[in-house]
Amino acid sequence: MNMLTTKQQEDVLSKMTPNPVKISGKDVCVFYGEKQALFDVNLDIPERQVTALIGPSGCGKSTFLRCLNRMNDTIDICRVEGHISLDDKNIYDRDIDVVELRARVGMVFQKPNPFPKSIFENIAYGPRIHGLVRSKSDLEEVVETSLQRAGLFDEVKDRLHEAGTGLSGGQQQRLCIARAIAVSPEVILMDEPCSALDPIATAKVEELIDELRENYTIVIVTHSMQQAARVSQQTAMFHLGNLVEIGDTDTIFTNPTDQKTKDYITGRYG
Amino acid sequence: MVPYILLALVIVAVVGYMVGRSRALSAAGSNISSLHSRPAYHGGFVAILASVPGIVLAVLWAALAGRVMNSIVRSEFGRELATMDVPQVEAFLRDAKAIAFGGVVGFRDETKERAAELYQSMQSISDIALLVVVAVIAALGFFYAMSRVSQSYRARHFVEKFVMAVLVACSAVAILTTIGIVLSLVFESIRFFQKVPLFDFLFGYHWSPQSAYEGAGGGGDVDNSRVFGAIPLFTGTFLITLIAITVAAPLGLMSAIYMADYAGPRFRSVAKPVLEVLAGIPTVVYGFFAALTVAPAIRGWGESIGLSVSSESALAAGLVMGIMIIPFVLSLSDDVINSVPQSLRDGSYAMGATKSETIRRVVLPAALPGIVSALLLAISRAVGETMIVVMAAGLAANLTFNPLEAVTTVTVQIVTLLVGDQEFDSAKTLAAFALGLVLFVITLCLNVIALRVVQKYREQYD
Ligand SMILES: Nc1ncnc2c1ncn2[C@@H]1O[C@H](COP(=O)(O)OP(=O)(O)OP(=O)(O)O)[C@@H](O)[C@H]1O
Ligand SMILES: [Mg+2]
């Protein structure tokens, strides 16, 4: 097995992360019932950078991502072991308020899931429940800027009060992105945000990610190697529930140390 | 005879299926895909043509043969029957048939024996004729179908159309019976409204049909129309339904939310069957619970704070009825809430919403159409409920909105109007049909509203 040991992973990480660590996973194991989906994953996510998670389908990328804002809590049979800390505070501690955690760590899901409300209400939802806005005009501004940043505003500006579920799949996905950034979280987790988007919308989202990087920490799951290479600074390769390689994106794509990574990014995986 | 013929036709169908299929297989030769339809469709085609016309004929025959024989007997024995009145003729025919085919015979006489002989001979002729005709039809169908089986024959289309025809026929039965019931309601109501003006019925506020005949000598009709004012019944129904739904809606809905989103799987697995038991309690049982426990309790409580409460009250009936429909509201809304996709909840949680925020602002709005139709169904149920009202709210048609007084409802009055022997053309009994019609219209409106609501908000999540 040429998986990295904890020691090696830490070595590699300390060498190449200039930014302070925002989220740090230590020996993370996840079980769905009896079945183990993640095996001792050690992964540090630096602040204000984009970390891409890549790997073949079913290798546990979404599972890991969902650990970071404790969305796995909503799955009855799911059990998480190990430590995950956000700003050096273990998010699985008893005294952690999950609601607050999730307000700080936002998420865009693999499948678009707009609420059955109007486009406006979809985005106003978060700011409202967190009391982020004082007045109606504030709210309208938040909605507009969020839509604009997600590259959706021009398409929907005339029908903000129509159902969000009436949008096309790609538009729905951008609506979900807009919804997530409307509450200005510190970390944004994105699970294949572009899998339903055309190249133009994808480019917009990538631009957005690049822009968000200045203020936010981003973790993105993607199946597109080009996308990982374009948007991320750090790439983590998963395989069968193991973290097999992590490193600087440039290094991973030009000079991967692991054979599986090499095969996967060159398309010979199989 | 008919049952044997039907059995035989079923066997014919099975055989036809197998023969048709193997014929299709041999027509296809080595290359199955050269068949337009798969062999099973050819088998189905042969089976249908060979058996269905015969089955239809046998069933029709069975339905009509009795009548035909009766009328033949009537005309044969015209002279003897001419002296009898209608019930006597029927008794005569009944006895003759009983003698012929076995059964309990009133009394025998020589004419009846002759009639019985006639019945017997007709029956055997009929049986043989049916057998022959069915056999011919089945054979024709079978050979025709077999001759059509070939590579290019579109048996699949035929079978699909046949399936559709069967489905259409089934829904036609349901629709036609409904139409029949409604029409009978309408016609009887029209007869009622010839005696009592529509306006007096719908807007009169005095209901005492029992008094329509008490001491009403001759010219009662004018007076009578005054005692058929249905307003007290509708207000009574409305009052009790309102109380019931005020009890059931919040309790049922909130327990449904608890069941769907808070309770663990273990609690659910216990609670669901318990609810089914609750839903299965006969309404009579609720009725005496209402009459023996709840009504006295309310009365005692009312008197202790100085209110006069009658021993039968709308409140008692409404409360118990509310409790009765809680499981109904609960399990319907539970299903609806459960069917809101988890991804919507996840989306909300991921925004940092709490559980109750998620339920209030995402789950309930998404489940609203279903919840509304659950409530409307519960209302229809409460409106139609009779037993509890009879036992706990009484029979007095008081025009009141005071829940502490005795009231009565539409369904209860329908029952009291029709209980006992009465001829079906007095205003009193016909009133029951008019009440039934109005009740039907009200329930129909509720259902239409429910459908509308559901349609309007449907497909909002997917
Ligand atoms: N809710 C669940 N219940 C049971 N097992 C699950 C559940 N979710 C995921 N798994 C299992 O965990 C493993 C990892 O799944 P995960 O969704 O994390 O994969 P993934 O890397 O995101 O794949 P993809 O690229 O296809 O989205 C899979 O084997 C999957 O079967
Ligand atoms: Mg995934």
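Naming convention: chains lettered A, B, ... in sequence-line order (proteins, then strands); numbering from 1 in each chain. Quick note: numbers below take in every heavy atom, side chains included, and nothing from hydrogens, waters or symmetry partners.
- Neither the backbone nor the side chain of R104(A) comes within contact range of chain B; no heavy atoms are under 4.5 Å apart.
- Listed for the E162(A) side chain is no donor-acceptor partner under 3.5 Å among the backbone atoms of R159(A).
- If you measure heavy-atom distances from V108(A) to chain B, you find no contacts under 4.5 Å at all.
- Residue contact with chain B, scored on non-hydrogen atoms closer than 4.5 Å, involves the side chain of V183(A) exclusively.
- For F267(B) and Y262(B), the distance between ring centers is not under 6.0 angstrom.
- For the set M107(A), M71(A), K111(A), E100(A), the count of heavy-atom pairs under 4.5 angstrom toward chain B peaks at M71(A).
- A salt bridge links E211(A) with R149(A): the closest approach of a Lys/Arg side-chain nitrogen to an acidic carboxylate oxygen falls below 4.0 angstrom.
- Listed for the K61(A) side chain is a donor-acceptor partner under 3.5 Å among the backbone atoms of G55(A).
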